[in-house]
Amino acid sequence: MMLIPTHHFRDIERKPEYLQPEKCAPPPYPGPAGTMWFIRDGCGIACAVVTWFLVLYAEFVVLFVMLIPSRDYVYSIINGILFNLLAFLALASHCRAMLTDPGAVPKGNATKEFIESLQLKPGQVVYKCPKCCSIKPDRAHHCSVCKRCIRKMDHHCPWVNNCVGENNQKYFVLFTMYIALISLHALIMVGFHFLHCFEEDWTKCSYFSPPTTVILLILLCFEGLLFLIFTSVMFGTQVHSICTDETGIERLKRKQQPRERRGSWKAVKETFGGNFSPNWFNPFSGPYRPALRDEGWVRQLASSDNMETTTTEEEPSEERKDDEDSVEVTDE
């Protein structure tokens, strides 16, 4: 047998015992369905708190500086309802993105018994993550913050204190979309309010003094512009990743291994939960993700009819990823 690496043609020894699966602790008993997911990361928690504070600050300025003091009640009611609805959907999406399991692989499932239960066939291989002692399905990556392997991991976002992965990408997309919309809405209202106050007495435009009103509006304008640019870019990046069926990590690494890609529309439907409907924009409606079956843990090395071995490999570290990510097994 000869091992042909797919990168740099470097021979790498691959043996099933290299994994030492007997050293992996059995996976913990799975928690009940719907168990809350929360990452205890100080930086992420601080960023999440700042996100809520900024949204609530925008809520305060919009309501108590611009809308409630306005004499145009129809204008105030319509914009108040619209802004509060978008803010509620944004915060709800943030909570779902933060508290939803992004697709974590069970820890410690790289046991000898579990590997044997997969009944590997010739040409098949399973990868083990040496950091969390778990078998890594295809397109899964280890997150150093979550300390877990995440299926279809796009990136770790401190603003939602969680990874963006297979199970919560929809909520992250909705979060960026609704934040961009309320930022745009707030900027438009600030512009109209400045025009209105320039035409009338500033003391009649707000319950606060003119200098305080101007400072609050300028801060809101700066916040809205910053968040509009940031979340619009993130929203576009996520939609592009979904349509091309390529995560952010995969795009950065630019893997050369051929991979079957889903169609754009199919990938969008799987992410947002079925055919197009209002539920696509509902943060309380999630995509249906069936449990990973046994064959989901296994990767196919090459489509050769003459392969006679199965291998169990340790997932390479990031430093060796380009050299050792995949190996093709062929006959001499």
Side-chain angles (χ1 to χ4, degrees), residues 37-39 41 43-45 47-48 51 90 92-106 127 129 131-132 134 136-180 227 229-257 259-273 280-281 283 285-290 292 296 299 315-318 321-322 325:
W37 172 275
F38 185 76
I39 303 300
D41 174 56
C43 177
I45 294 173
C47 289
T51 301
S93 300
H94 183 272
C95 284
R96 293 302 302 272
M98 180 171 59
L99 303 178
T100 298
D101 180 349
V105 178
Y127 282 92
C129 175
K131 297 177 182 178
C132 58
S134 62
K136 298 181 68 171
D138 191 24
R139 306 184 71 185
H141 301 278
H142 185 87
C143 175
S144 59
V145 180
C146 298
K147 295 180 175 58
R148 299 286 290 274
C149 287
I150 308 296
R151 298 195 305 272
K152 200 181 171 186
M153 175 182 170
D154 187 88
H155 68 287
H156 183 92
C157 179
W159 296 105
V160 297
N161 189 34
N162 202 0
C163 277
V164 177
E166 185 178 70
N167 293 343
N168 68 343
Q169 190 173 29
K170 170 187 175 178
Y171 308 130
F172 184 75
V173 171
L174 293 181
F175 167 66
T176 57
M177 182 183 74
Y178 287 129
I179 289 293
F227 269 78
I229 296 173
F230 176 72
T231 54
S232 296
V233 171
M234 288 301 302
F235 175 77
T237 301
Q238 289 299 302
V239 171
H240 179 265
S241 295
I242 294 171
C243 292
T244 58
D245 193 24
E246 184 180 44
T247 67
I249 292 179
E250 292 167 348
R251 186 167 57 253
L252 289 173
K253 292 184 177 180
R254 295 295 182 186
K255 292 184 178 180
Q256 299 299 319
Q257 295 97 321
R259 179 173 62 83
E260 182 180 354
R261 297 178 185 272
R262 298 168 297 175
S264 298
W265 185 242
K266 181 179 179 181
V268 171
K269 290 196 297 183
E270 288 185 3
T271 301
F272 288 92
W280 276 25
F281 308 98
S285 173
Y288 171 68
R289 297 293 183 186
L292 198 65
R299 310 187 198 182
E315 184 73 0
S317 64
E318 294 301 324
K321 196 76 173 177
D322 291 338
D325 192 47

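Note that this is a predicted model, so its numbers are computed, not measured.
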Test item: Lys136 and Val105 side chains (from C-beta on) under 4.5 Å apart, heavy atoms: no
Nearest-0.5 Å distance, SG of residue Cys43 to NE2 of residue His156: 8.0 Å
Nearest heavy-atom neighbours spanning Glu250 and Thr247: OE1-N, 3.0 Å
4.5 Å side-chain heavy-atom contact, Val160 and Tyr171: no
Heavy-atom side-chain contact between Val268 and Cys243 under 4.5 Å: yes
Side-chain touch Phe38/Leu99, heavy atoms, less than 4.5 angstrom: yes
From NZ (Lys170) to CZ (Arg96), nearest 0.5 Å: 8.0 Å
For Cys47 against Pro158, the heavy-atom pair lying closest together: CB-O, 3.2 Å
Between NE2 on residue His94 and CZ on residue Phe175, distance to nearest 0.5 Å: 4.5 Å
Met177 side chain reached by Leu174 side chain, heavy atoms, under 4.5 Å: yes
Close side-chain approach of Arg139 to Asp245, heavy-atom, < 4.5 Å: yes
Over all atoms of both residues, closest heavy-atom pair of Asn162 and Ala97: ND2-O, 3.0 Å
His155 and Phe172 aromatic ring geometry - parallel, tilted or perpendicular at 30°/60° bounds: perpendicular
Ala104 to Arg148 - nearest heavy-atom pair and separation: CB-NH2, 3.6 Å
Heavy-atom donor-acceptor pair, Asn167 side chain to Asp101 backbone, under 3.5 Å: yes
Any donor-acceptor pair under 3.5 Å from Thr176 side chain to Val173 backbone: yes
Test item: Ile39 and Lys147 side chains (from C-beta on) under 4.5 Å apart, heavy atoms: no
Closest non-hydrogen atom pair, Gly44 against Asn161: CA-OD1, 3.3 Å
Spacing of CD belonging to Gln169 relative to CD1 belonging to Ile242, to within rounding of 0.5 Å: 4.0 Å
From CG (Asp154) to OG1 (Thr237), nearest 0.5 Å: 9.0 Å
Short N-O contact, Glu166 and Lys152, less than 4.0 angstrom: no
Distance, nearest 0.5 Å, that separates OG1 of Thr271 from CH2 of Trp280: 9.0 Å
Sidechain-backbone polar pair: Asn168 side chain, Cys163 backbone, donor-acceptor under 3.5 Å: yes
